[in-house]
Asker: 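Dropping a structure here in C-alpha cells format, bear with me for questions.
Proteins come first, then strands; the chains are lettered A, B, ... in the order of their sequence lines, and each starts at number 1.
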Amino acid sequence: MYSQLEDALDIQTAQWESVHNVSGGQRYGGIQAYSGGIQAYFYEQIHQGRDLTWPSEHIERPWLGSQDAHGSSHSSFQYNSELITESLDYFYLRQLRTLQQYYTVLDSDRVVIEFLKEESGLYTLLVEAVRPLQTTFGKKGLLHVRVQHSDDDGLLKVVVQLPADFGDDQAEQALGSFDREWWLNNCHRSGGALVFDYEIRDAV
Amino acid sequence: MPELVKIPIASADYLARFDRPYIGLIGNERVRVFEGILAALLPFDFKLRNTEIVTSGTLADHKVIFKLPERGINFQFGAEEYRFGKDGASWSTAEEEGKVLLAAERALLEGCGAKVESCLATLAMHLQPLTKTREEILAPFIPEPFKPLLTKRQARTFGNHLTWADGDVLLDFSLVLANGIFLRLSSQFKGQQPLPELLAKMRSDQEMLFGILGVEEAPNV
C-alpha cells in the first residue's frame with residue numbers, strides 16, 4: 001500500500017510544483033525549493049502511521065492555488081470544532097484531488113466528498129486500483145468515476161473509457177483479467193460500494 | 001459539437017501596480033490602512049486570525065495579507081502593489097466575490113494617495129475532457145514543422161505559450177489532473193479598470209479560447 005501512496009505523493013509533489021510553476025514548470029521555470037522537503041515530510045508521516053496534515057501554514061498547499069486557501073489555522077495546538085471540521089473537509093478535498101490525478105470524476109466535488117466520507121475505505125482502494133487497471137486496459141483508457149444512488153444507498157462506479165479500436169472481446173478479456181488478478185482479492189474491502197466496468201468510445 | 005470539459009480547479013488573480021512605491025503603506029500608515037481594510041471585510045465574515053504581516057526580506061517583500069478561507073479569497077498589499085486572489089474561481093460567483101475586492105481596494109486606496117499605473121488579471125484553470133483525450137484536443141496546436149517529427153518520436157507533453165503586448169495565454173498538459181489540460185490567460189490594463197469591464201474582457205477571452213480549443217464547460221452535476 002505504501003508504494004501506491006508514495007506514487008500519489010510523487011504526483012502531489014509534482015502538483016505542488018505545478019502550482020508554483022503554473023504548469024510544466026520545469027519547462028517554464030519555477031520554484032521547486034520545497035518539493036523534496038514536502039515529499040520527505042509526507043513519507044515520514046505515512047511510514048510512521050500518522051494522519052497526513054499539511055506541515056505548516058506558511059508552506060503553500062498544492063491544488064489550491066498560490067495562497068493558503070484554507071486558512072492559517074491548521075496547527076495541532078489550536079483544536080476547536082470549527083478547525084477540526086475545516087481540517088476534515090480539507091482532508092477529503094485532498095483525497096479527491098489525488099483521485100483526480102488518475103480519474104475523471106464526473107460528479108461535483110461536494111457529491112464525491114460526501115461519498116468518500118461515508119465510504120472511507122474507497123479512497124485507498126481507488127488509488128491501488130490504478131496500476132492494475134492500467135496494466136490490464138493499457139494507459140490509453142480514460143478512467144471515469146461517477147456516484148450512483150439507488151433508493152437505499154449509493155455506489156461508486158469506475159468506467160474505463162476505451163478507444164474505439166479496442167474490440168469488445170479484448171475489452172471483456174481485460175475486465176476478466178482485472179477481476180482475476182486484482183479485484184477478486186480486494187473487493188471485500190469495498191463494502192459493496194464500488195464497481196468496475198468499461199465502455200468503448202464511439203460505440204453506439 | 002464542442003467537447004464537454006470539467007473544470008475541477010480554477011483560480012483568478014488580480015494584480016494592481018502603483019506608479020511608484022508608497023512606503024507609507026508598509027510604514028507609518030500601515031495600521032490605519034489595516035484597520036480600514038479589516039472594517040471593510042468584516043461584512044464578509046472576516047476573522048482577525050486570518051491575517052498575516054510579512055516583514056522579512058527587502059521592503060519590496062513586506063506586505064499585509066488578509067484571507068477569507070471559506071471563500072478561497074486573499075487580498076494583500078505592499079508598497080508597490082496590491083493583489084486579489086481567488087481559488088475555486090467560477091463565473092457564477094465572480095460578481096459576488098468581486099464585491100470583496102472592491103471593498104478592500106476602496107479601503108486601501110482611500111487617503112493613501114497611491115495611484116494605480118497598471119493592472120494584470122489572470123485566470124488559470126485545469127480542464128478535464130469527458131470523452132476526448134487531451135492529445136486529440138491539443139493536436140491542432142502542434143506547429144506544422146514539428147508534426148513529421150511526431151510520427152517518429154512520441155511526444156510526452158506539448159502546448160503553446162503566446163505572449164502579447166498586453167497579456168499572454170499558456171496551454172499545456174495539466175500536471176494535476178488525469179487527461180487534464182492547463183490553460184492560463186492573462187490581460188494587462190492601463191490604470192485601474194472598472195470591475196464589470198474587466199470581468200467582461202476576461203470572460204470573452206476565455207470563451208474565445210474555449211472556442212479555439214473546441215471545448216465547452218460541462219454543467220456541474
Asker: Would a distance-only check, ignoring hydrogens and angles, find a side-chain to backbone donor-acceptor pair under 3.5 Å from B:Lys6 to A:Leu106?
Answerer: yes
Asker: Checking A:Gln100 against chain B: side chain, backbone, both or neither under 4.5 Å from a heavy atom?
Answerer: both
Asker: Around atom CZ of B:Phe146, are there more than 12 heavy atoms of other residues, nucleotides or ligands at under 6.0 Å?
Answerer: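 No.
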Asker: Is it the case that more than 12 heavy atoms not belonging to B:Lys147 sit under 6.0 Å from its NZ atom?
Answerer: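 Check passes, neighbour count above 12.
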Asker: Just wondering, are more than 12 heavy atoms of other shown residues or ligands nearer than 6.0 Å to CD in A:Gln170?
Answerer: yes
Asker: Are there over 12 heavy-atom neighbours, none belonging to A:Lys117, within less than 6.0 Å of that residue's NZ?
Answerer: yes
Asker: Is the backbone of B:Leu177 close enough, under 3.5 Å, to the side chain of A:Arg97 for a donor and an acceptor to pair up by distance?
Answerer: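 No; judged by distance alone, with no hydrogens or angles, the pair does not exist.
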Asker: Do the side chain of A:His144 and the main chain of B:Thr131 share a donor and acceptor less than 3.5 angstrom apart?
Answerer: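 No, A:His144 side chain to B:Thr131 backbone: no donor-acceptor pair under 3.5 Å.
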Asker: Is any NZ, NE, NH1 or NH2 atom of the basic residue among B:Glu136 and A:Arg201 found under 4.0 Å from an Asp or Glu carboxylate oxygen of the other?
Answerer: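 Salt bridge present between B:Glu136 and A:Arg201.
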